[in-house]
Amino acid sequence: MSATVHDVDQKPAVTALRSKDLLGISDLTPDEITLILNTADAMKEIASRPIKKVPALRGKTVVNLFFEPSTRTRTSFEIAEKRLSADTLNIAIATSSVVKGETLADTAMNLEAMRPDMIVLRHSCSGACHLLSRICRSAIINAGDGMHEHPTQALLDAFTIRERKKHLQGLKVAIVGDLAHSRVLRSNILLLTKMGADVWVCGPPTLMPTDIRRFGVTATSNVEHAVRDADVIMMLRIQLERMEGAYFPSLREYFNIFGMTEARLKLAKDDVIIMHPGPMNRGVEIASEVADGPYSVILDQVANGVAVRMAVLYLLAGGAEHEEAA
Amino acid sequence: MKRLLKGGRVVDPANGIDGVRDVLIDGDRIARVGANLPADGATVVEIPSGLVICPGFIDMHVHLREPGQEHKETIATGAASAVAGGFTAVACMPNTNPVNDDANVTTYILDKAREANLARVYPIGAVSRGSKGELLADIGDLRKAGCVAITDDGHPVKTAILLRRALEYAGMFGMPVIEHCEDPSLKGDGVAHEGYYAASLGLRGMPGACEALGVERGVLLSELTGSAFHVAHMSARASLRAVRKGKEAGVRVTCEVAPHHFTLTDEMLATPVAYDTNTKMNPPLREAADRDAMLEGIADGSVDAIATDHAPHHYDEKKVEYDHAPFGIVGLETAVSLSLDRLVHSGRITLSRMVELMSVNPARILKVAGGTLSEGAPADITIIAPDLKVRIEAARLRSRSKNTPFDGWELRGGVAATLVGGRPLYVNAETRITL
Amino acid sequence: MPDSKSAVVMDADRIARTLTRIAHEIVERNKGVDDVALIGVRTRGVYIARRLARTLKEITGDDVPTGTLDITLYRDDLMRHAVGPQPVIRRTEIPFSIDDKKILLVDDVLYTGRTTRAALDALIDFGRPKGIQLIVLVDRGHRELPIKADYVGKNLPTNPGESVQVRLQETDGNDEVVLQQEATV
């Protein structure tokens, strides 16, 4: 069963990404997004082979530089890199605001001296990737920078939606959760609006980014309005620390007003899909029955993450100038 | 020594002058200003056409960093940067290390300034000991040692009651309280103006209301105490509204705006270089409506002074993640060009008004000599070249630090010469003035 | 319509007869199509493989499993250039096990042999076939690797400056093989 939207022989509008890095969805055009998704589609097949490896990035060194702990994203990138035969190096840096070690700039310059081909960076400060990209010649892939963007997450979310719904344009996508602090939200809003989806964002005003409407979405605090007739519902994680910042009074109250329950799910379309970037807080933003129910594609998202990351690594790694060679 | 500055346009609004005049300097004083003065043994300096002679500019908000942070700037390098920027005097902030909450620190600063022998330096003392916001500093001592105002700049005075007391006490000496207006709880750990760009870039924001709240508090307390209250580095339209209301009600409130707040907006955080830490300062670059309000206030007289909030930081300190970078940019050597280009040449204000903002009013607010070219006044003179093509080059700034967002900017207008007490301390050869 | 610098070396009729001839050769050489599978390389090899499968069904009555192979990720010229667009990847679909099968690799033009080398590498990762045979519509010479085709539609001696264009109904609207005098970039 082929889930590709584009006919195998149709030439894509672009065949390469313009930038040497992937710092955010904000830098990608709709054609580039389509290129990544189509490439991911081809990459996905590799996971079903007996030998889940292709020599495409053989001899390339990829450094996973993670300043924030992450098992999920890091393993996903690592598997993707290894499936492309790249040499991977994982560097996990524990940061403490009290003990200031080497600056990011110095870490980058030291790394650069060893000539990695690509650096996958996750950092707790927005804009850390931009700083790295100004210092390093390597291709930089943003695996999440502060509250700014998490582009590969949005790409795998789009891939998952496209797999189920065959297209992105015109779909009603409702995103519920901590919108102000979420890099996943920012990336998803940018991507979905670029691809012509009808995006609704929902959360308490205390967790709503300033000027949210300027992002081309419909903002509401009424979760029923948001999910009514939705094709896709995306739940974002609520960080428990937000209670201390007086963003909302209690988790119980949050769940009552905004939590995704089976009752609220009924307002959406019959073939709605439920997504969550993980990790989930069961009973806070999402009821367990919903997370484990038939509408959930949460596990597909994880599987697709590897294919999407393989596509990004491949496209940024540079290659031959001609498409056809005998 | 006598010097006759001959045939230049003189703009001296305090004396109602805007026209061609000769200026006779005798020693360190202005002897006479008039048309066709006789040389009478003075060295005659023909003023090239197009240059304008003004009373020396005074920057009432600079951070000289000495004592304690000499890697960023020293009093000597700061004073050199000042004269290169056309300033004959600067007032320096007390958030040094140690804080200038003590006469010894004040004296140290004045000694260093005397050593440098360049721009005049007027120290501003702290409101509270260590600027901690608990106990009042020895304001009388500070006054005696040479401080012209008090502030806890870097942050607002901690409590309303302390600000009240400071206003009452400093009022005794006729000293204004200068306030970094801000509500700390609203500020939180914000690093940028709360708006579309901070939201796009994932940066924590501080809304304009955060500053305005501080302004409103100060205006009310100034009214209550009858003392002079000065709003430092105003940036938000809501703050301007509060200042205007205060002035209308007769409150003794004044305010200053920095050139970056009437030139730049928060869009610069995203382009041309995303997350450029030279766009990070407090108060932050705000949205266009705030920048436009500052321009309006400058034009209609609600704004009293232009002050740079010159905040040098070492290159290493700024080459970090946006969240971790210190707030502030240098400003002494870009202020005149920005003011001429963006305010005068754009038609918003006259040169007279610019001189009010940069000389007359700062002198009046701080109650220091200057602001005029009256006979007997100190010969502190700023000669500007309003049509000079200037290209700002960070690497060539005289300040020890180069943290400016204006690198590469091409502006119309610059400094021709700066004289302090009759001595020419900076001369721009490009303007062909021979001093 | 070919321009004055090109010549049609095979027309639709000729192509059809050639493929029929190859299909018969396949049956003869493999004594039937019992453990035979077709895998088409890249775009046009795929359509040629499908046509062969249809003809083989007509001849033998048997269905021959057919798959598609994208060899892009196995090319030896990937990553050789510092900056440049990556070749576009398309899906590989081999919905059967290739173990112990005689794989007939199908491509439109055999030239340097590097595509075939890449295809062999890819196939080895899919399993262990009993054997691999190579079918090409046109062999234009100038091998750079020790690769030879087992079934050739037409031997066409060429100069390096020339290019061989295979056009098929399914992708280009008509069937023909054209030899162009100057390589078009």
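Naming convention: chains lettered A, B, ... in sequence-line order (proteins, then strands); numbering from 1 in each chain. This is a predicted model, so every value here is computed, not measured.
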Could you tell me which of K44(A), M43(A), K52(A), R49(A) has the largest number of non-hydrogen atom pairs under 4.5 Å with chain C? R49(A)

With a 3.5 Å cut-off and no angle check, do the side chains of E149(A) and S26(A) form a donor-acceptor pair? yes

One option among G59(A), S48(A), P50(A), A311(A) has the most heavy-atom pairs under 4.5 Å with chain C, and it is P50(A)

Pick one of side chain, backbone, both or neither for K53(A), based on which atoms fall under 4.5 Å of a heavy atom in chain C. backbone

Would you say the side-chain atoms of T160(A) and D300(A) include a donor-acceptor pair closer than 3.5 Å? no

Please check if any side-chain donor atom of N64(A) sits under 3.5 Å from a side-chain acceptor atom of E81(A), or the reverse. yes

With sequence neighbours left out, what residues match S97(C) under side chain to side chain contact (heavy atoms under 4.5 Å, CB included)? D99(C)

Max heavy-atom pair count under 4.5 Å with chain C, selected residue of I46(A), L84(A), V54(A): V54(A)

